[in-house]
Amino acid sequence: MTSKDSFYNSAVNGAFRFGNFFMGILLVILITASISLVIIRGVPDFKTSLQSAEIIFAIKLSIYTSIISTFLCILMAIPIGYYLARVNSRFSFLINTVLDIPLALPPIVSGVALLLLFGTTQFGHNLARMGLEFVFTVKGIILAQFFVNVPYMIKVVYTAFSSVSTRMEFVARSLGYNQLETFVKITLPLAKNGIMAAIIITWAKALGEFGAALMLAGATRLKTETLPLSLFLNMSTGELSLAMAAATILIVISVVSLLVFEALGSGATVLDRGKDGVW
Amino acid sequence: MVVLKVANVSKRLGDFTINNINLEVDRGQYFVILGPSGTGKTVLLEIIAGFHHPDKGRVYLFDKDITRLPAEARKMGFVYQDYMLFPHMTVKDNILFGAKKCFPLSDALDKMMRLVDILGIGHLLDRFPLTLSGGEQQRVALARVLIIEPTILLLDEPLSSLDPNSKETLQMELKRIHEKFDTTILHITHDFNEAMSLATHVGVMIDGTLAQTGTADEVFSHPNNLDVASFLGIENIIPGQYVDGTFKCNEKLIFPAPPVNNQNLSYIYFLSKDVRLGCQPGSSNCFHGVVAGISFQKDFVNLSIDMGHQVKIKLSHREFNDYPLTCGSNIDFHIPASSLGFI
């Protein structure tokens, strides 16, 4: 190789590395600038906003609905996630494919689908008569959060269970433990971090759920007003300080839960030291 | 007494297929199934343990059909190649895991103390598996299954992830365990030497079928087909035919005194280490050839002799130094009739 070639290659490598780095910096600036602006606008009136009945109501309702919907997600995601991680059949393939649909849909469309099912069909009316009224109620918010988040949680839980070796379970079986005992004593403890991560990220997503909840539960002040709905309502009526307060709370919760998720999820994704290589 | 009987078992699982496996393991045997990697040995062991149901065939334990019996009811001890210790439990909890199901806690603790003493792992009880060396993990895995007093011990390549030194130590440990506990062991491996040193009985598994079973001596000295012979590492397998009381491979390689008389034989085989240099008057199976290649190894020297077919001879360095051999040298050698085998 001539020295001219080598100079040319070094120049290309340098430009390539700088290009990648530059794109990253550009995006970081965009994200931090926009989010910081929300926080900067929110901070001055944050304390007074936190004392307003509306924000207090929104915080309480958000926490209440998100905890219940996350709990329901756990109830469904653990058995389904485990089933998908262990069974390889046409039926499991079918379940997997159907589960992907709500993941790909815009949440607002999921909301419309739920509204049609529970608002216009005999099935929905029957449930309403039994006290399970979902349309324009708090129960609707929970259902919307559940519907949008459960496929996502199943995916994360599935990954957590898949990382536990079936051979580990086989050994437990041969030592006298049946499938349920093996699941409780071996699989669950070994998948614990992944499941905790799934719970936290699901909870954070439930707190921020907007589109489906708006469609199914409506946006009624002090009735179905969760934090994102409060942000929406106050933006539309020009109550900027209240809107920014709600946004700030949502940002803080999202960032904290993202960090916890990353730390639990793989134990290494946040600060991955395995990628060093020649760079 | 037959402890384990596998009758006509077939199974297809992912990329692995095993076909019509028949196997009997008697009480106290150290049975090694030897076969190349990817031949389905682990699948067979997992079927025996009850982790998979066979597509066809039955599995019997002490004459009782256990084909559909759940794994937890079989009381078999299973040790995987990577030991599969439970990483979230201490060594002590790992060992007691199965024992707690079988015995009252105080008995389990007594048994554990005796076992860890024998295996020399008493100082590890409070450690977690990820902090142990390969050899230590293997001893813990053995303690975890031995404590439940298994009907049969199933070992899946238990020595293959160890360095050569620990491998040798643990090989002896396995032998000691087999004698001391009077256990029946079914051990699978791809390592010929491991099988040689441990097995009382051997089965050779090739392409998902059990090609030959028998005592270690029988299988190693009398492979019954070409696949087994080449898998067992017999260097000289030469095609030929039985002609007028001789076995003739070509004009240069005629064995005048074959010890068997069978028209259907089509291969003669012998180990390279059994070939002797020189020819005494009157000794049978004497040949004259030309050295075609010499390769030096750490412990021995391999000669390749051109006889129309390549004949391999293995010499010690001392033997080699006694003869001034180079490529192209003329050489006389003979093969004792007792070293010859026919397929």
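In the text below, chain A, chain B and the rest are named by the order of the sequence lines, each starting its count at 1.
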Point to revise | Side-chain touch Pro70(B)/Asn178(A), heavy atoms, less than 4.5 angstrom | key: no
Exercise for review: Please state whether the side chain, the backbone, both or neither of Leu154(B) comes within less than 4.5 Å of a heavy atom of chain A.
Suggested key: neither
Practice item. Taking atom CD of Gln171(B) as the centre, report whether more than 12 heavy atoms of other residues, nucleotides or ligands fall under 6.0 Å from it. Key: yes
Exercise for review: Verify the neighbour count for atom CE of Met89(B): are there more than 12 heavy atoms of other residues, nucleotides or ligands below 6.0 Å?
Suggested key: yes
Practice item. Just do the side-chain contact (heavy atoms from CB on, under 4.5 Å) check on Lys101(B) and Leu175(A) with the steps written out, would you? Key: CA-CA 8 Å; Lys101(B) 276 265 169 181; Leu175(A) 289 168; over 6 Å; no
Revision key, fill the gap. Taking every heavy atom of Met84(B) against every heavy atom of Val171(A), the minimum-distance pair comes out as CB-CG2, 4.0 Å
Review point. Would the number of heavy atoms belonging to other residues, nucleotides or ligands and lying under 6.0 Å from OH of Tyr64(A) be above 12?
Key: no
Check your understanding: Does a sphere of radius 6.0 Å around CG in Asp207(B) hold more than 12 heavy atoms from other residues, nucleotides or ligands, not counting ones at 6.0 Å or beyond?
Key -> no
Exercise for review: Please name the pair of heavy atoms, one in Asp82(B) and one in Arg167(A), separated by the smallest distance, quoted to 0.1 Å.
Suggested key: OD1-NH1, 4.3 Å
Exercise for review: Check each atom of Tyr80(B) against the heavy atoms of chain A and say whether the ones under 4.5 Å are side chain, backbone, both or neither.
Suggested key: side chain
Check your understanding: According to the interplanar angle, ranging from 0 to 90°, do the rings of Phe170(A) and Phe51(B) count as parallel (below 30°), tilted (30 to 60°) or perpendicular (above 60°)?
Key -> parallel
Practice item. Check whether more than 12 heavy atoms from other residues, nucleotides or ligands sit under 6.0 Å from atom CG of Asn88(A), and answer yes or no. Key: no
Point to revise | Lys11(B) NZ: over 12 foreign heavy atoms closer than 6.0 Å | key: yes
Review point. For Lys92(B), does the NZ atom have more than 12 heavy-atom neighbours from other residues, nucleotides or ligands under 6.0 Å away?
Key: no
Review point. Minimum heavy-atom separation for Glu72(B) to Tyr177(A), with atom names?
Key: CB-O, 3.6 Å
Practice item. Please say whether more than 12 non-hydrogen atoms of neighbouring residues, nucleotides or ligands are located less than 6.0 Å from CE in Met76(A). Key: no
Review point. Side chain, backbone, both or neither: which part of Glu181(A) has a non-hydrogen atom closer than 4.5 Å to chain B?
Key: side chain
Exercise for review: Could you tell me which portion of Ile186(A) (side chain, backbone, both or neither) has an atom closer than 4.5 angstrom to a non-hydrogen atom of chain B?
Suggested key: both
Check your understanding: Among Phe97(B), Phe86(B), Tyr83(B), which has the most heavy-atom pairs under 4.5 Å with chain A?
Key -> Phe97(B)
Revision key, fill the gap. Honestly, the part of Lys185(A) sitting under 4.5 Å from a heavy atom of chain B is both
Exercise for review: Please state whether the side chain, the backbone, both or neither of Ser174(A) comes within less than 4.5 Å of a heavy atom of chain B.
Suggested key: both
